[in-house]
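Since the structure comes first, as structure tokens, the remarks are kept for the end.
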Amino acid sequence: MSQQALAAASGVSVATLRELARGTSSRRAQDATLAAISRALGWPDDHLLTVLLGREPDEVPLPVLPVDQQILEVLLRIERSLATIGAQLIPPAERCDSVR
């Protein structure tokens with residue numbers, strides 16, 4: 001799940017998610033923020049708080065995304081791959097110049 005999708009699903013800003021992922025925040029995340037993120041990921045509300053406190057969380061099965069979300073995730077991966085491939089291609093004008 002992208003940070004943008006997680007932000008939309010949890011109601012937590014992308015900036016806050018980035019700080020949490022990098023561990024760069026000077027303050028501890030609020031319990032409500034961690035619970036919102038956990039819920040958005042399909043985990044129990046206290047999952048991230050449990051991890052933050054250094055305890056082992058209960059076994060959590062991977063969430064099963066709705067079919068439309070699964071399709072969207074696959075399409076986003078394809079789009080990123082195409083963008084990477086496109087960035088590596090030589091523009092047509094440059095190819096013509098190198099042939100001459």
Side-chain angles (χ1 to χ4, degrees):
M1 176 182 286
S2 69
Q3 287 182 340
Q4 289 79 13
L6 182 55
S10 66
V12 175
S13 73
V14 173
T16 298
L17 291 173
R18 285 186 182 135
E19 284 183 356
L20 291 171
R22 292 181 183 143
T24 57
S25 180
S26 59
R27 54 192 168 87
R28 188 175 90 63
Q30 295 181 5
D31 293 354
T33 300
L34 297 175
I37 296 168
S38 291
R39 266 193 308 278
L41 293 169
W43 297 336
D45 284 7
D46 66 342
H47 181 82
L48 290 176
L49 179 60
T50 300
V51 171
L52 177 68
L53 296 174
R55 297 194 306 255
E56 284 292 318
D58 294 332
E59 187 70 27
V60 178
L62 292 175
V64 177
L65 298 174
V67 173
D68 60 336
Q69 184 65 36
Q70 291 178 36
I71 292 169
L72 178 60
E73 291 295 323
V74 169
L75 289 173
L76 289 171
R77 282 196 304 267
I78 292 169
E79 187 177 78
R80 286 190 295 271
S81 295
L82 287 174
T84 301
I85 292 168
Q88 296 172 357
L89 295 176
I90 299 170
E94 289 181 26
R95 269 188 285 186
C96 292
D97 291 341
S98 64
V99 173
R100 293 181 191 160

Exercise. Could you pull out the closest heavy-atom pair between Arg28 and Leu34, with the gap in Å?
Key: NH1-CD1, 4.0 Å
Quiz item: When rounded to the nearest 0.5 angstrom, what is the spacing between CG in Leu48 and CG in Leu41?
Solution: 6.5 Å
Quiz prompt | Arg55 vs Asp46, side-chain contact (heavy atoms from CB on, under 4.5 Å): CA-CA, chis, key distance, verdict | solution = CA-CA 11 Å; Arg55 297 194 306 255; Asp46 66 342; over 6 Å; no
Quiz prompt | Rounded distance [0.5 Å steps], CG in Asp68 versus CG in Leu75 | solution = 11.0 Å
Quiz prompt | Atom pair CG/CG of Asp45 and Asp31 - distance to nearest 0.5 Å | solution = 11.0 Å
Exercise. Can you sort out the partners of Ala5 under side-chain contact (heavy atoms from CB on, under 4.5 Å), two or more places apart, ordered by chain and number?
Key: Met1, Ser2
Quiz item: Does Leu82 sit in a hydrophobic cluster with other residues, and if so which ones, taking ILVMFWY side chains as linked at heavy-atom separations under 4.5 Å, directly or through other members?
Solution: Val74, Ile78
Quiz item: Linking I/L/V/M/F/W/Y whenever any side-chain heavy atoms sit under 4.5 Å apart, do Val51 and Ile37 land together?
Solution: no
Show me the donor-acceptor pairs within less than 3.5 Å that the side chains of residues 11-19 make with the rest of the protein, sequence neighbours left out.
unit_1: Ser13; atom_1: OG; unit_2: Thr16; atom_2: N; d: 3.1
unit_1: Ser13; atom_1: OG; unit_2: Thr16; atom_2: OG1; d: 2.9
unit_1: Arg18; atom_1: NE; unit_2: Gln3; atom_2: OE1; d: 3.0

Quiz prompt | Whether over 12 other heavy atoms sit under 6.0 Å from Gln30 CD | solution = no
Quiz item: Would Val67 and Leu76 show up in the same hydrophobic cluster when neighbours are defined by side-chain heavy atoms closer than 4.5 Å?
Solution: no
Exercise. Can you see which heavy atom on Leu6 is nearest to which on Ala40, and at what distance?
Key: CD1-CB, 3.7 Å
